[in-house]
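Down below is the structure, laid out as structure tokens.
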2 protein chains.
Amino acid sequence: MTRALTRKGEATRARIVAGAAAEIRERGVDEVRLEDVMAHTGTSKGQLFHYFPDGKEELLLAVAQHEADQVLLDQEPMLSNLTSWPAWLAWRARLVERYRAQGVKCPLNGLLGQTGRRAPGAQAIVTGLMWRWQNAIVEGIRHMQSTGDIAPDVDADRVAAALLAGIQGGVLLLLSTGKTDHLEAALDLTIDSLRAGARVVGTQRRHSDD
Amino acid sequence: MTRALTRKGEATRARIVAGAAAEIRERGVDEVRLEDVMAHTGTSKGQLFHYFPDGKEELLLAVAQHEADQVLLDQEPMLSNLTSWPAWLAWRARLVERYRAQGVKCPLNGLLGQTGRRAPGAQAIVTGLMWRWQNAIVEGIRHMQSTGDIAPDVDADRVAAALLAGIQGGVLLLLSTGKTDHLEAALDLTIDSLRAGARVVGTQRRHSDD
DNA sequence: GCAGAAATGGACCCGCAAGTCCAAAGCACG
DNA sequence: CGTGCTTTGGACTTGCGGGTCCATTTCTGC
């Protein structure tokens, strides 16, 4: 079913997705008309329906996937290298900085609340994003456990779940309060508890087997 | 500008709000047409615009306020009486139970993401809700500090902010995963850290390195 | 029971934006 | 170069749904 796309066609398609994503980030899903996308990307209605035969729904899905990928990309290379406390702090800083800059214009907002209802596939995209996100955090915790920086009895999955929840909620609250206070508090308290855990365990230890 | 409302009128108005709220919870804001509300509440278009002269926007605002109040009411009397560890646990249980039952049908979803864009006032409603919510938590922490159950050097505002973020994120994740794992993890880890704090106080120095 | 106001019903209007259609232009490759 | 595709442009259709309007009924106070 993949239609033959020439290089030119592919470029146009990408331009549409990127433009639509920008527009949506700026003004919200249900404020963006196909006409806006056309104007903003210099395309015609014929093109839109040529590249997205199922219309708006298909376009929105493509945008959602694009934005989901972007969310994780924006955290790299920190997110994939949570291998020391400075690395964790750098990641924390990047997150706060990114969302502070972004302010109210949140892709997640559109992704989950709005796109979610219309396109059934959007749900899957969000779930996938969260899954990848949490996985990266779990990896980080496990690695820190392997170096003895985090106590081995810490439940990596559980803490990662709580941390991810804190981040999501922090961003959500950023949307209504305009402040990053909640995000920072959630990040700091969770990370602190991870650090404290290593000490409290008492035995500063290397660990290879379990 | 409060129009004179007879008892009957007031009842009708309330019926509209409650019916619209239910409908929206069930199917999402932008899937609900005025016509659906009419059918579901047994009212006519004339009535809708009689009680909500500004149309859908005004109705949505009323629904938002209604739902926001409900969110807090559902946590009572626990939320206002976080005066012992059993009380905290009861509150935790109520939250999890409530959201588990509610599943995907989340008023917040509609409130923030969707209503938020359209109605400027909706933002204020959400902010108000969060403010009241967090305040109640702060009160709880302060009370526990006054009884010595929580260490006095705990920053109540900060922990409450983190906890609220965890809850919101947990609910958000419930929407895409269908599981309450994140919500429970966030609640438990934060509450645990509050309990642990009491014991550790004095012996364990807080790290404040930079 | 009789003003006057509130409550109700529902027909109608109207604009908007998604989606359709086709004709024309561009391009690829033999 | 010419055949058949992808690509592009834009006019047109269409349905949906919010909002308007007014006629009718019901209620309230006197």
Side-chain angles (χ1 to χ4, degrees), chain A residues 1-20 23-24 26-64 110 114-115 117-122, chain B residues 1-20 23-24 26-64 110 114-115 117-122:
Chain A
M1 271 314 321
T2 321
R3 358 174 49 74
L5 277 198
T6 69
R7 189 151 306 149
K8 191 180 181 186
E10 204 131 13
T12 303
R13 202 194 122 104
R15 183 159 44 95
I16 292 175
V17 171
E23 200 83 358
I24 287 173
E26 197 66 33
R27 309 175 27 207
V29 171
D30 39 39
E31 297 306 321
V32 172
R33 327 276 156 221
L34 253 36
E35 202 181 331
D36 300 323
V37 177
M38 286 161 52
H40 193 270
T41 61
T43 48
S44 68
K45 189 157 277 186
Q47 285 167 287
L48 251 52
F49 282 86
H50 179 66
Y51 294 106
F52 305 93
D54 283 347
K56 199 175 189 181
E57 183 144 331
E58 191 179 353
L59 172 58
L60 260 74
L61 226 52
V63 168
Q114 309 179 20
T115 318
R117 296 280 183 177
R118 313 188 189 198
Chain B
M1 270 302 28
T2 320
R3 357 174 49 75
L5 278 198
T6 69
R7 188 151 306 149
K8 189 181 183 186
E10 203 130 14
T12 303
R13 203 195 120 105
R15 182 159 45 96
I16 292 174
V17 171
E23 199 84 357
I24 287 173
E26 198 66 32
R27 310 178 24 209
V29 170
D30 39 39
E31 297 305 320
V32 173
R33 326 275 156 222
L34 253 34
E35 203 179 331
D36 301 323
V37 177
M38 286 160 53
H40 194 269
T41 61
T43 48
S44 67
K45 192 159 275 187
Q47 284 166 290
L48 251 53
F49 282 87
H50 179 67
Y51 294 107
F52 305 93
D54 285 346
K56 199 175 189 182
E57 182 144 330
E58 191 179 352
L59 172 58
L60 258 69
L61 226 52
V63 169
Q114 309 178 22
T115 318
R117 296 277 184 178
R118 314 189 188 195

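By the side-chain hydrogen bond (donor to acceptor under 3.5 Å, both in side chains) test, B:Thr12 pairs with no residue at all, sequence neighbours left out. Applying the side chain to side chain contact (heavy atoms under 4.5 Å, CB included) rule to A:Asp36 yields the partners A:Glu23, A:Arg27, A:Val32, A:Arg33; only residues at least two apart in sequence or on another chain are considered. B:Phe49 is linked by a side chain to side chain contact (heavy atoms under 4.5 Å, CB included) to B:Leu34, B:Lys45, counting only residues two or more places apart in sequence or in another chain. Scored by the side-chain hydrogen bond (donor to acceptor under 3.5 Å, both in side chains) test, B:Ser44 finds B:Gln47 as partners (sequence neighbours excluded). Applying the side chain to side chain contact (heavy atoms under 4.5 Å, CB included) rule to B:Glu58 yields the partners B:Phe52, B:Pro53, B:Asp54; only residues at least two apart in sequence or on another chain are considered.
Inter-axis angle, ends of the helix from C:dG1-D:dC30 to C:dG30-D:dC1, five pairs per end, rounded to 10 degrees: 20°.
Protein atom CG of A:Asp30 is 11 Å distant from nucleotide atom P of C:dA18, rounded to whole Å. Here D:dC22 presents its P atom at 17 Å from NE2 of B:His50, a figure rounded to the nearest Å. Going from atom CG of A:Asp36 over to atom P of C:dC16 covers 13 Å, rounded to whole Å. Going from atom CZ of A:Phe49 over to atom C1' of D:dA11 covers 15 Å, rounded to whole Å. Atom pair B:Arg33:CZ and D:dC16:C1' shows a separation of 8 Å (rounding to whole Å applied). Atom-to-atom, CG of A:Leu48 to P of D:dG9 comes out at 11 Å; the value is rounded to the nearest Å. As rounded to whole Å, 12 Å separates atom C1' of C:dA5 from atom OH of B:Tyr51. D:dC12 atom C1' lies 14 Å from atom CD of A:Glu35, rounded to whole Å.
The minimum heavy-atom distance between B:Leu61 and B:Ala122, with the atom names listed, is CD1-N, 3.5 Å.
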Produce the list of close N/O pairs, under 3.5 Å, pairing protein atoms with atoms of nucleotides 9-14 of chain C; give distances to one decimal.
unit_1	atom_1	unit_2	atom_2	d
C:dG9	OP2	B:Gln47	OE1	2.5
C:dG9	N7	B:Ser44	OG	3.1
C:dG10	O6	B:Gly46	N	3.2

Nucleotides 25-29 of chain C: which of its N/O atoms have a protein N/O under 3.5 Å away?
none

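One finds the CG atom of B:Leu48 at 5.0 Å from the CD1 atom of B:Ile16 (value rounded to the nearest 0.5 Å). Between atom OG1 of residue A:Thr41 and atom CZ of residue A:Arg13 there is a gap of 13.0 Å, rounded to the nearest 0.5 Å.
When each of A:Leu34 and B:Arg15 is assigned the nucleotide of DNA chain C with its nearest heavy atom, B:Arg15 is the one assigned upstream, toward the 5' end.
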